[in-house]
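Reading through the structure tokens given below for one structure.
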2 protein chains.
Amino acid sequence: MTKTAMPGFSPCNNATLRRAARKLSRFYDDVIAPSGLKGTQYGLLYQIYVGSEPAMGTIAEEMVMDLSALGHTLKPLIRDGYVETFADKDDRRVRRVRLTLLGLAKLEETTKLWSFAQQRFEALVGQQRAADLRAMLDEVTELDYEVPPAAPSS
Amino acid sequence: MTKTAMPGFSPCNNATLRRAARKLSRFYDDVIAPSGLKGTQYGLLYQIYVGSEPAMGTIAEEMVMDLSALGHTLKPLIRDGYVETFADKDDRRVRRVRLTLLGLAKLEETTKLWSFAQQRFEALVGQQRAADLRAMLDEVTELDYEVPPAAPSS
DNA sequence: TTCAATTAGTGGCATATACCACTATTCCGG
DNA sequence: CCGGAATAGTGGTATATGCCACTAATTGAA
């Protein structure tokens, strides 16, 4: 009897997702490694690039990432001179982020490498299936998992 | 004009996958938090449980995880007394892993919490779509990304 | 049998990512 | 205008994960 035949049982969606993420990340990381960036860093530079000097909170939302995690991830990029932060003029709580010239050059350099990985992946799974996969993943990302509390307090 | 309308361009599959993984992991993590375990730790205990005192390398392969990463991840579980390692009788290089009684109890306790998360997720996206998603993710995991070297040296 | 090559893990280091506690600002009701 | 509530980030701590260098053990070929 197959394990998956047990009624009501399904393999952990979370574990399956993380496993795939590990594997795919390693592939993208390997391909863009000559740039010295990791996949996450590249994605972050790209987000900053397409945003209009976005606030940290804005980036965190777009990347569905914890704000403090973003802060930590940003540090090596600041240290290496790819991005810089500055206070918002109207709200001094807000820190905005922009690419430096060096960062922009690095982004362009890395994009060339990235497109190898992207094309290779889509050649393997097919463009349509890749698009389908992204659509499902975006759906997972946008889901509202909130379980309404049984007894709302107050 | 839409960004995605640019021919040949598609959003980064890797970034999309990681983003979804962050979100879903946070959900599973939140639900099983009362057990004191993280999703990865739970998955790891489960792998050890279903294996027959698996060697570390075997677990790493099954989880598609770097062997040293597995070693690091195992440490807090050993520290907390959930798992223990021992040398293989026939090959002293090999370290095998098993659950302790405490670890087994923790696994059972956490499985109850896990099934809430699993069921909630599948209620939201549908059992069939969840199965489809896992199938696609497994495919991504199993892909052979190797690009044949242009000029094989030697 | 003996030594080079391979295999299995470990430890160090770096990034990825989360939560919590804390600070600095801003906002808002009275 | 003032003080409490809300908002934006930072820093600390812990796990997650990978690569590299290194050790220990096994294997294999001369």
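Every chain is numbered from 1, with letters handed out A, B, ... down the list of sequences.
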| To the nearest Å, how far apart are A/D66 CG and D/dT10 C1'? | 12 Å
Under 3.5 Å between N/O atoms: give me all the protein pairs with nucleotides 14-16 of chain D, atom names plus distance.
from, atom 1, to, atom 2, distance (Å)
D/dT15, OP1, B/R79, NH1, 3.1
D/dT15, OP1, B/R79, NH2, 2.8
D/dA16, O3', A/R18, NH2, 2.9

Please report, to 0.1 Å, the donor-acceptor pairs under 3.5 Å made by any side chain of residues 22-32 of chain A, with sequence neighbours excluded.
from, atom 1, to, atom 2, distance (Å)
A/R22, NE, B/M63, O, 3.3
A/R22, NE, B/V64, O, 3.3
A/R22, NH2, B/M63, O, 2.7
A/K23, NZ, B/T141, O, 2.5
A/K23, NZ, B/L143, O, 3.3
A/S25, OG, A/A21, O, 3.0
A/S25, OG, B/N14, OD1, 3.1
A/S25, OG, B/R18, NH1, 2.6
A/R26, NH2, B/V64, O, 2.9
A/Y28, OH, A/Q118, OE1, 2.6
A/Y28, OH, B/N13, ND2, 3.3
A/D29, OD1, A/G39, N, 2.7

| task | Measure from CD on A/E53 to P on D/dA8 and round the result to the nearest Å. | result | 18 Å
| In whole angstroms, how far is the P atom of C/dA16 from the CD1 atom of A/I78? | 13 Å
| Does any donor atom in the side chain of B/S10 or A/Q127 lie under 3.5 Å from an acceptor atom in the other side chain? | no
| Checking all strands, does B/G57 fall into the base, sugar-phosphate, or nothing category for heavy-atom contacts under 4.0 angstrom? | sugar-phosphate
| message | Using whole Å, what does the distance between atom P of nucleotide C/dC27 and atom CG of A/D88 come to? | response | 11 Å
| remark: Judged by nearest nucleotide, the residue sitting upstream toward the 5' end of DNA chain D, A/L67 or A/D30, is A/L67
| task | Of all the heavy-atom pairs spanning B/V94 and B/A55, show the shortest one and how long it is. | result | CG1-CB, 3.5 Å
| field | C/dT10 phosphate, OP1 or OP2, under 4.0 Å from B/K75 side-chain N/O | value | no
| query | What is the distance, rounded to the nearest whole Å, between atom CE of B/M56 and atom P of C/dG11? | reply | 10 Å
| Can you list every pair that meets side chain to side chain donor-acceptor pair (under 3.5 Å) and has a residue in residues 54-64 of chain A, with sequence neighbours left out? | none
| query | In whole Å, what is the span from the CG atom of B/N14 to the P atom of D/dG18? | reply | 12 Å
Give every donor-acceptor pair under 3.5 Å between a side-chain atom in residues 98-106 of chain A and any protein atom, sequence neighbours left out.
from, atom 1, to, atom 2, distance (Å)
A/R98, NE, A/E53, OE2, 3.1
A/R98, NH1, A/E84, OE2, 2.9
A/T100, OG1, A/G81, O, 2.6
A/T100, OG1, A/Y82, O, 3.2
A/T100, OG1, A/L102, N, 3.4
A/T100, OG1, A/G103, N, 2.9
A/K106, NZ, A/S35, O, 2.9
A/K106, NZ, A/E109, OE1, 3.2

| How long is the line joining CG of B/L70 and C1' of D/dC19, in whole Å? | 15 Å
| task | Mind jotting down which residue pairs meet the side chain to side chain donor-acceptor pair (under 3.5 Å) criterion with at least one end in residues 69-81 of chain A? Sequence neighbours excluded, please. | result | none
| message | Let me spell it out: for each of B/D29 and B/T58, pick the nucleotide of DNA chain C with the closest heavy atom. Which residue's pick is nearer the 5' end? | response | B/T58
| Point-to-point distance, once rounded to the nearest 0.5 Å, from CD1 of B/I59 to CZ of B/R96 | 9.5 Å
| query | Which residue lies toward the 5' end of DNA chain D, A/K23 or A/A55, if each is placed at its nearest nucleotide? | reply | A/A55
| query | Do B/T110 and B/Y46 have side chains that get closer than 4.5 Å, going by heavy atoms? | reply | no
| field | CZ-OG distance between B/R120 and B/S115, expressed to the nearest 0.5 angstrom | value | 14.0 Å
| task | May I ask you to list the residues of residues 89-98 of chain A, by number, that have any heavy atom positioned under 4.0 Å from an atom of DNA chain D? | result | A/R93, A/V94, A/R95
| query | Would one find a side-chain N or O of A/R26 under 4.0 angstrom from OP1 or OP2 of D/dG18? | reply | yes
| request: Can you tell me the distance, in whole Å, between the CZ atom of A/F27 and the C1' atom of D/dG18? | output: 17 Å
